[in-house]
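Input: a single structure, listed below in structure tokens.
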Amino acid sequence: MTTDQFRTLGHELIDFIADYRDNIADYPVLSQVEPGEIAGQLNATPPEHGEDLSGLVEDLRSMIAPGLTHWQSPNFFAYFSANASLPSVLGELVSAGFGVQGMLWATSPAATEVETVMMDWLVDLCGLPGGFHSSSNGGGVMLDSASSAVLTSMVAARYRAVGHRSAPELRAYTSNQAHSSVLKGMRVAGFADEQLRSIDVDAEFAMRSDLLAEAMTQDVADGYVPFFVVGTVGTTSSTAIDPIAEIATIATEHGAWIHVDAAFAGSAAVAPELRPRVNSGLEAVDSYSFNPHKWLLTNFDAAAYWVADQHSLTSAMAIVPEYLKNAATESGQVIDYRDWMVPLGRRFRALKLWMVIRWYGAEGLRAFVRDHVAIAQELSGWVDEHSSFERLSPTPFSLVCFAHVEGDDRTQEIVEAINAAGTHYVTHTVLNGRYTLRVAIGSVTTDRTHVEALWRDIVALG
Ligand SMILES: *Cc1c(COP(=O)(O)O)cnc(C)c1O
């Protein structure tokens, strides 16, 4: 492809994306295709001869778009949102255009240095502890996912506890509401399932720190070694908030590493009035992560991850083969992010975050999160006032969890009817054994009118 051909097709594709975003609310949010329907339209074998891609836009429109679930629709209320603001999309494009691989500072100094500054900007924007700033012993890195953050912390925690060896006596702890990535991380890191203890929660789905303390004390008495605790700020089911300060105190007494997973809710800390919910206790933790790709206007993938002690992470992860040795690394003056994560290679993710923060400014980011939280409080009020519905958990952020008072079958019918109608997309969870409708407010263009329309449809079915 010549650069002139690139220009022509590139302009056409930017127009296509802009039109797609303009019209996105017209599509059924949840894709209506049957399994195999999209694959059936593609040739079963690759083309022998190249082509000029002049039919590409039409193929995207007619073959691919029907097989999309429209995550960027303002009517997407399922799971948690996956923000892909337009400035972040452009940042992603530039990153691909540069095509650099920033595994070492030396392989693209800008990729490393912009990333370090962006992680420091987030410390500032979110009011995070100064111990996460790169000017301290700690620092941050951009990973692909919150799941990688928990795995990385787990490996660093094991190294701190016993060095590089497998250790069947080690025990990790998290609440029964924690994300499945904690158990998956244990499996990937080579632990047995019984090495992860599941701690019960209180009536608001927050980890009971008294039960954590009991479990750790009992394990020590039985000859086990507590090495790792995961607390959650904003659980996936209901955005419950574990008591991080209490958990950190208990974990520290036992010498265990404490990681806090705030994948969705972490973004809320851009609004100072929400910080007490998100940040309390973080000054005492070893590592922390949240996903700007969920609720901070940055397209997937962008997980922000900090450690309070860089050395505790890099000493666990660094392996320096001969072919990667270089003068900058040996000078000790630069960060080599490959020592902060599982993969060696890494893309220039910080560029899109730089574009997002410059475009919206701190003010724009605050307004974005505040709007969603305010709308969610309104929706909670409507649910509470309606005699057919009952809220099943508090609404500390912008996820509202509720059920029909007549029980699980009725609630499930409503979820299925809403999704079959196509205008909105919602998903469910189970809280205290009850089938629960989740309305997760967080998409880039969602405003009050979209939530009102959803509520009208729910009420009509109730
Ligand atoms: C979404 C979520 C995750 C997983 O995030 P990925 O970045 O997709 O790995 C982990 N923890 C919590 C609390 C989440 O809500």
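Just so you know, ligand 1 is whichever comes first in the structure, and atom 1 is the first atom listed for that ligand.
Checking Pro394, Ser393, Ser238 one by one against Glu204, the side chain to side chain contact (heavy atoms under 4.5 Å, CB included) holds for a single residue, Pro394.
Heavy-atom contacts of Ala263 reach the following atoms of ligand 1: 2 (C), 3 (C), 10 (C), 11 (N), 12 (C), 14 (C), 15 (O) (cutoff under 4.0 Å). Interface atoms of ligand 1 facing His293, defined by a heavy-atom separation under 4.0 Å, are 7 (O). Every atom of ligand 1 is numbered from 1 in the order shown, and the set under 4.0 Å from a heavy atom of Thr236 is 12 (C), 13 (C), 14 (C), 15 (O). Every atom of ligand 1 is numbered from 1 in the order shown, and the set under 4.0 Å from a heavy atom of Gly234 is 13 (C). For ligand 1, the atoms sitting less than 4.0 Å from at least one non-hydrogen atom of Phe80 are 15 (O), numbered in the order shown with element in parentheses. Interface of Ser145 with ligand 1, defined as ligand atoms under 4.0 Å from a residue heavy atom, comprises 6 (P), 7 (O), 9 (O).
Annotation: Ala146 places an N or O atom under 3.5 Å from an N or O atom of ligand 1; distance criterion only. Ligand 1 has a nitrogen or oxygen under 3.5 angstrom from a nitrogen or oxygen of Ser147. Among the atoms of Asn291, some N or O lies under 3.5 angstrom from an N or O of ligand 1.
Within a 6.0 Å sphere centred on CD of Glu37, heavy atoms belonging to other residues, nucleotides or ligands number more than 12. Dense packing is recorded around CH2 of Trp382, with more than 12 heavy atoms of other residues, nucleotides or ligands lying under 6.0 Å away.
Both the sub-6.0 Å distance and the 45° axial angle are not jointly satisfied by Arg391 relative to the ring of Phe402. Judged by the 6.0 Å distance and 45° axis criteria, Arg366 is not positioned over the aromatic ring of Tyr360.
Aromatic ring centres of Phe80 and Phe397 lie farther apart than the 6.0 Å criterion allows. With ring centers used as reference points, Phe389 lies under 6.0 Å from His404. The ring of Tyr173 has its center no closer than 6.0 angstrom to the ring center of Phe227. No close placement of the Phe76 and His70 rings is indicated, their centers lying 6.0 Å or farther apart.
With a 4.0 Å heavy-atom cut-off, ligand 1 is reached by no atom of Tyr79.
With respect to atom 10 (C) of ligand 1, the closest heavy atom belonging to the protein is His179 CG, 3.2 Å. Remark: minimum distance from atom 11 (N) of ligand 1 to any protein heavy atom is reached at Asp261 OD2, 2.6 Å. The nearest protein atom to atom 2 (C) of ligand 1, hydrogens excluded, is given as Lys294 NZ, 2.4 Å; this is a heavy-atom distance.
Every heavy atom of Thr235 sits 4.0 Å or more from the atoms of ligand 1.
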